[in-house]
**Student:** 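Before anything else, here's the structure in question.
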2 protein chains.
Amino acid sequence: MKITILDVARHAGVSKATVSRVINHNPKVNEQIKERVLHSIKELGYQPNAIARSLANSRSNVLGLILPDIVNPYFPVLARGIEDSARQMGFSLFISNTDNDPENEQDYIKKMYSQQVGGIILVTSTLDEAKAEKLDKLNIPIVLCDRLIENTPFDTVSIDHYKAAYEAVLYFIRKGHKKICHLAGPSFVQSADMRRQAYIDAMQEFGLHPLYRIGDFSYQSGYELMNSVLNEADVSAVFGANDLIALGAINAIQEKGLKVPDDVSVIGCDDISFAQMSNPKLSSIMVPAYEIGQRAVELILERIKGVRSKTKNLILEHRFIKRET
Amino acid sequence: MKITILDVARHAGVSKATVSRVINHNPKVNEQIKERVLHSIKELGYQPNAIARSLANSRSNVLGLILPDIVNPYFPVLARGIEDSARQMGFSLFISNTDNDPENEQDYIKKMYSQQVGGIILVTSTLDEAKAEKLDKLNIPIVLCDRLIENTPFDTVSIDHYKAAYEAVLYFIRKGHKKICHLAGPSFVQSADMRRQAYIDAMQEFGLHPLYRIGDFSYQSGYELMNSVLNEADVSAVFGANDLIALGAINAIQEKGLKVPDDVSVIGCDDISFAQMSNPKLSSIMVPAYEIGQRAVELILERIKGVRSKTKNLILEHRFIKRET
DNA sequence: GTGAAAGCGCTAACAC
DNA sequence: GTGTTAGCGCTTTCAC
């Protein structure tokens, strides 16, 4: 029923090999014959079977993306950057959500491996050196996005989380704030951890007392942590580990009858699209998610093509965006 | 280098066929032997090659998801519903964004076809009867989500967009609103079109004058359309075709110095997570995106397994959620 | 129950 | 330049 390369070959009066050469743009095919083959392909509506090609090549034109949760508004942008680039390079994309569960992560990696994906883009928080070593043995290109793991042989694309957070806190300090609190993300997430560390360092450097809570990157946790903080202390500025937390915090602040930014200033992180839609509009640290995705694909492709073997660690620029909070 | 079924067979002292039977849970394998094979699989760390299996079976354990844009906050939830269900059933998921471009859509369908996906879940706005017919000939299970196309043989999962919109307008009317406007989505999107039609019908039924603008489902377009409306008319209520539009509209309303909901009431649609994070909190029509995704996978699997051949059109329940706007 | 062998659709030597 | 052929790793008759 389905049209195969053999059908095309017969139709064009050539061998499968020739058709294969045409498909793969092998230059040494007679122009005449090439035309004939192309014609047959059109006429028959032939569509090469990607699965068969993958098997024959032992590698596929597919990339895998493994991230915590596509519902978190930071990730769709990353995913689009990846998908757009991947597509441009002729790759399809697998996607899967780990919910930060190491088991899911391992599971997905295995699955993708068995699908012979050309490479995997991983946003992980649960990978440790031991697992990384095993992963490396799979001998499949891996790029870590956004959250880096020390001492791994993998390429990475990220921003300087420490610096970004430090700058945010510094901004507050320069504005004269003394009572600055930080609502952090999970400590097992490297980026959250670095932001928290930067916050602590900055505070201490200026002789200020760090005050932070650890949450889970959600709006709800931002809301709850902020309430907890407000019940115990007087605060004039809060730095949220991401925008959702910051937005939740604002909600809590306002519910207490305080004004943002008059009574309490807020800065988030990621600059998700809702930062500019919120009311008041959220000040945030812009993380170039889309570009991170693009660069990740670039790195993977360099590996696939074998044009580079040295590990590359890309750090992209963030940018503090002052809005209303 | 890689461990194949043959390695396992040799290690266990059996044939490839037997190993294959074990992998596929074929019951007629001697328990003893089965144990032996299982042991070898563990010991060698064997991972069946999904590509080879797909080729041999001429079908893969992969589903395809084609949607307009994962960055639109409605879709990640749908995607999660699909991914979670797919995973549970042992399927992986391809994902791709069309930006509502028919060419992209066709392109992706072809790609997925050539990847021998087991089925495709499609959120389309550009499919017409002619294309649908061609698609149907591919002989691959397709489920249309959210946006339906008349007279297609495909399974569908959606809500009753017309009814949902009608209820929203009715709600306004019962509250005594007369000057109700509608900020619609693109007319080539079936769901947007139905919502707009429902708006018009409801207004006319109550002797009110319809006033609407057509946009593109974005925050920006909601903002601009609302400005355009406010410049021309006096309005006390606005129904946005989705939450982004509604949020943009609120921004425009407030910029004009009007209060929401005191001067102008607003209802959105989709109930994206930000509806409850916005300030004021957005009233919206809840669309069960996650469940739509789950059901779509169910329908696909029924087709794959061949347990059903009759077209099924699922209509899930929406729910009006009154919040602050 | 188990194995041998053909074949899924394609690619890549290797000959000619 | 082009065709022949041997796989890629697995499933699935078909004998035994």
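First the proteins, then the strands, lettered A, B, ... as listed; each starts at 1. Worth knowing before you read on, the calculation uses all heavy atoms, side chains too, and leaves out hydrogens, waters and symmetry mates.
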**Student:** Report all side-chain donor-acceptor pairs from residues 47-57 of chain B shorter than 3.5 Å, counting only partners two or more places apart or in another chain.
**Tutor:**
residue: B/Asn49; atom: OD1; partner: B/Ile51; partner atom: N; Å: 2.7
residue: B/Asn49; atom: OD1; partner: B/Ala52; partner atom: N; Å: 3.0
residue: B/Asn49; atom: ND2; partner: A/Gln116; partner atom: OE1; Å: 2.3
residue: B/Arg53; atom: NH2; partner: B/Asn24; partner atom: OD1; Å: 2.9
residue: B/Ser54; atom: OG; partner: B/Ala50; partner atom: O; Å: 2.8
residue: B/Asn57; atom: ND2; partner: B/Arg53; partner atom: O; Å: 3.0

**Student:** Determine to 10° how strongly the helix from C/dG1-D/dC16 to C/dC16-D/dG1 is bent, judged from the axes of its five-pair ends.
**Tutor:** 40°

**Student:** Heavy atoms only: give me the nearest A/Cys145-A/Ile121 pair and the separation to one decimal.
**Tutor:**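 Smallest interatomic distance, heavy atoms only, reads SG-CG2, 3.7 Å.
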
**Student:** Residues two or more places apart in sequence or in another chain: which of them pass side chain to side chain donor-acceptor pair (under 3.5 Å) with B/Asp101?
**Tutor:** none

**Student:** How would you list, by chain and number, every residue that makes a side-chain contact (heavy atoms from CB on, under 4.5 Å) with A/Glu43, sequence neighbours excluded?
**Tutor:** A/His11, A/His39

**Student:** Quick one: how far along DNA chain C does chain B reach, first to last nucleotide 5' to 3', anything under 4.0 Å to a heavy atom?
**Tutor:** C/dG1 to C/dG9

**Student:** Ignoring hydrogens and geometry, is there a side-chain-to-backbone donor-acceptor pair from A/Arg21 to A/Pro27 under 3.5 Å?
**Tutor:** no

**Student:** Taking DNA chain C as the partner, which of residues 31-45 of chain B come within under 4.0 angstrom of it by heavy atom?
**Tutor:** B/Ile33

**Student:** Enumerate donor-acceptor pairs with a distance under 3.5 Å from any side-chain N or O in residues 69-76 of chain A to protein atoms, sequence neighbours excluded.
**Tutor:**
residue: A/Asp69; atom: OD1; partner: A/Val71; partner atom: N; Å: 3.0
residue: A/Asp69; atom: OD1; partner: B/Arg80; partner atom: NH1; Å: 3.0
residue: A/Asn72; atom: OD1; partner: A/Tyr74; partner atom: N; Å: 3.0
residue: A/Tyr74; atom: OH; partner: A/Asp146; partner atom: OD1; Å: 2.6

**Student:** Of A/Leu135, A/Thr124, A/Leu122, which meets side-chain contact (heavy atoms from CB on, under 4.5 Å) against A/Phe154?
**Tutor:**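 One option only clears the test, and that one is A/Leu135.
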
**Student:** With no hydrogens and no angle check, is any side-chain donor or acceptor of B/Asp155 less than 3.5 Å from a backbone partner on B/Val143?
**Tutor:** no

**Student:** Among residues two or more places apart or on two chains, list those pairs meeting salt bridge (Lys or Arg N to Asp or Glu O under 4.0 Å) that have a residue in residues 102-130 of chain A.
**Tutor:**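 Non-adjacent pairs meeting salt bridge (Lys or Arg N to Asp or Glu O under 4.0 Å): A/Asp107-B/Arg87.
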
**Student:** The criterion is side chain to side chain donor-acceptor pair (under 3.5 Å); which residues satisfy it with A/Thr98, sequence neighbours excluded?
**Tutor:** none

**Student:** According to side chain to side chain donor-acceptor pair (under 3.5 Å), who are the partners of B/Gln294, at least two apart in sequence or on a separate chain?
**Tutor:**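 Here no residue qualifies.
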
**Student:** Base, backbone or nothing for each nucleotide of nucleotides 8-16 of chain D, written B, S, -, heavy atoms under 4.0 angstrom, 5' to 3'?
**Tutor:** BBBBBB---

**Student:** Suppose we screen for side chain to side chain donor-acceptor pair (under 3.5 Å). Which residues come up paired with A/Thr156, at least two apart in sequence or across chains?
**Tutor:** A/Asn313

